[in-house]
Amino acid sequence: MKLQSVRGFRDIFPPDISKFQRIESVARETFEKFGFEKLETAYLEYEEVFSKSLGADSDIVHKEMFIFTDSKGRKIALRPEGTASVVRAYLEQGFHVKGSEQRFYYIGPMFRHERSQKGRFRQFYQAGIEILGNQGPRVDAETCFILWQIAKKLKIEGLSLEVNSIGDQMCRPKYRDALVAYFEPKKHLLCDDCKNRLATNPLRILDCKNESCRAIAQKSPVILDYLCEPCREHYAGFKKYLGLFQVPFVENPRIVRGLDYYTRTAFELVSKEASYLGELAGGGRYDGLVEVMGGPKTPAVGFALGIDRVAEQIKEELASSKPLVCLIPLGTEAEEFFVRRLNDFQNLNVRILIGEPSRSVKKQLELADKLSASYAIIVGTNELAQGAAILKNLSKREQSELSWEQLLAKLKNL
Ligand code: HAM
């Protein structure tokens, strides 16, 4: 049998991997700037962590989780998202006892058994944040600000931040009734999934990707007309702070999010130019989740950004990292020289690669070109004797002979 990757899974390698690394480093830097600490939760969880929190009839729990049975017959799931795991860890590690606001971030793979198509992978990567213990609308706007900052730093164009409030357990039942009254007479036009959703969770019909369901949903009642006073106030506060943070946004009263735990604020970052990829990030408030998972009442808000989808939107040159310098030894003595001097490069903002001394200078330079190296440092017997080296600028095709110290000084100023 020919060995190959599992269907729906993929390897990520150069040059794409550099985009992933760039997104991760921008996300990490931005999260840390706003006081978030990294939480690395396990990739495997007991299945209830997700079925209890995301909703038994959510697409993820219903049909997208990778579930295995352990030797004791317990169901184990590969994590399909990060929020439920963070809350499980928050409670298990006793973070909730501190009582104050806590900020966590995560960057890593998630797993969903989705149909493979553009922008949908079975193993995909998220960078996300969660703020636990703060109910004020400022933090909802702050999470949007952080998301917007990341998108700006990555120079992604054509983006729109769409926001909504989906109410809470006080006002949502009335909205649910209004949706049932609207969809019931049109039930025969809905897809089979939505026919079921009408009984289990009619809000989710608004999230259906099926063309005919979307067309019917266009004219359905909107949640904003049903919000109770506290939810209305919270939503107004959220929008006020978005203005203060200077985050541009558009209201989209049809955003409902696909997971059960959301209350009030819901938002999605969409690319107008690449809507086929699906939304680039999504999040919102989940004030009831900590309690549902066995903890004290704790308001919370967060988002996750899809790294795979954002990578599709990044321009090539942005992803390029530090300049590559190829060290080209002409013979083993020169190779040993480079090995002895490797420490000299540790504080320079460059990547280095030592060439193969048995190969000709021509072959080594060809390889340097192929790897898009910026510089080559050539050392042979003559240079060793003179304590010098040849520094070749590969893009300008210029070269000069320098002392080792002069050469290091030059690389320092790149
Ligand atoms: P989500 O909307 O399910 O929310 O996922 C967030 C992002 O992950 C999406 O906007 C998308 O970019 C990416 N994503 C989801 N599924 C896939 C896939 N199959 N392939 C590629 N990318 C994908 C959550 O996961 C929530 N936990 C977000 C959150 C955090 N809410 C509050 N805190």
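We count ligands from 1, going down the list as the structure has it; atoms in each ligand are counted the same way. Residue numbers run from 1 in the order of the sequence given.
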* Asked: Looking only at protein heavy atoms, which one is nearest to atom 20 (N) of ligand 1, and how far off is it?
  -> Phe121 N, 2.9 Å

* Close-contact set for ligand 1 against Phe303 heavy atoms, below 4.0 Å -> 29 (C), 30 (C), 32 (C), 33 (N)

* Asked: Which option, Arg122, Gln126, Glu81, owns the non-hydrogen atom nearest atom 27 (N) of ligand 1?
  -> Glu81

* Going by the atom numbers of ligand 1, which of them fall below 4.0 Å from some non-hydrogen atom of Leu280? -> 10 (O), 12 (O)

* **Donor-acceptor side-chain pairing of Glu32 and Tyr105 below 3.5 angstrom** => yes

* Structure fact -> Nearest non-hydrogen protein atom to atom 3 (O) of ligand 1, with distance, is Arg112 NH2, 2.9 Å

* To do: Just say parallel, tilted or perpendicular for the rings of Phe338 and Trp404, cut-offs at 30° and 60°.
  => tilted

* Asked: Does the side chain of Thr83 pick up a donor-acceptor pair with the side chain of Glu130 at under 3.5 Å?
  -> yes

* Asked: For ligand 1, which atoms, with element, lie under 4.0 Å from some heavy atom of Gly282?
  -> 10 (O), 28 (C), 29 (C)

* For atom 1 (P) of ligand 1, which of Arg257, Glu130, Gln117, Met110 has the closest heavy atom? -> Arg257

* To do: Over 60° means perpendicular and under 30° means parallel, so classify the ring planes of Phe20 and Tyr125, tilted if in between.
  => perpendicular

* Asked: Does NZ or CZ of Arg103 fall inside the cone over Phe34's six-membered ring, less than 6.0 Å from its centre and within 45° of the axis?
  -> no

* Mode of Ala281 contact toward ligand 1 - side chain, backbone, both, neither (heavy atoms, under 4.0 Å) -> backbone

* Asked: Per the side-chain contact (heavy atoms from CB on, under 4.5 Å) rule, which among Asp260, Leu179, Asp193 passes with Arg204?
  -> Asp260

* Taking the non-hydrogen atoms of Gly128, is any one of them nearer than 4.0 angstrom to ligand 1? -> no

* Just going by heavy-atom distances, which of Glu279, Arg120, Glu114, Glu64 is nearest to atom 19 (N) of ligand 1? -> Glu114

* Asked: Can any side-chain N or O of Glu81 pair as donor or acceptor with the backbone N or O of Met110 at less than 3.5 Å?
  -> no

* Does Arg10 count as lying over the ring of Phe121, i.e. NZ or CZ under 6.0 Å from the six-ring centre, within 45 degrees of the axis? -> yes

* At a 4.0 Å threshold, what atoms of ligand 1 neighbour a non-hydrogen atom of Gly283? -> 31 (N)

* Structure fact -> Among non-hydrogen protein atoms, atom 32 (C) of ligand 1 lies closest to Gly302 O, 3.3 Å

* Quick one: which of Phe124, Phe267, Tyr262, Tyr286 has a heavy atom closest to atom 28 (C) of ligand 1? -> Tyr262

* **ligand 1 to Leu259 polar contact by distance, N or O atoms, under 3.5 Å** => no

* Should Tyr106 be counted as touching ligand 1, given the test is an N or O pair under 3.5 Å? -> no

* What part of Leu269, side chain, backbone, both or neither, has a heavy atom within less than 4.0 angstrom of ligand 1? -> neither

* Asked: For ligand 1, which atoms, with element, lie under 4.0 Å from some heavy atom of Thr83?
  -> 26 (C), 27 (N), 29 (C), 30 (C), 31 (N), 32 (C), 33 (N)

* Asked: Using 4.0 Å as the upper bound for N to carboxylate O, is an ion pair formed by Glu268 and Arg257?
  -> yes

* Asked: Taking the six-membered ring for Trp, are Tyr90 and Phe104 parallel (under 30°), tilted (30 to 60°) or perpendicular (over 60°)?
  -> perpendicular

* **Any side-chain donor near an acceptor of the partner, Thr41 and Arg79, under 3.5 Å** => yes

* Using non-hydrogen atoms of the residue, decide whether Asp308 is closer than 4.0 angstrom to ligand 1. => no

* For atom 13 (C) of ligand 1, what's the nearest protein heavy atom and its distance? -> Gly306 CA, 3.6 Å

* **Pairing of Lys370 and Glu366 as salt bridge, 4.0 angstrom limit** => no

* Asked: Is the closest heavy atom of Gly119 to ligand 1 under 4.0 Å?
  -> yes

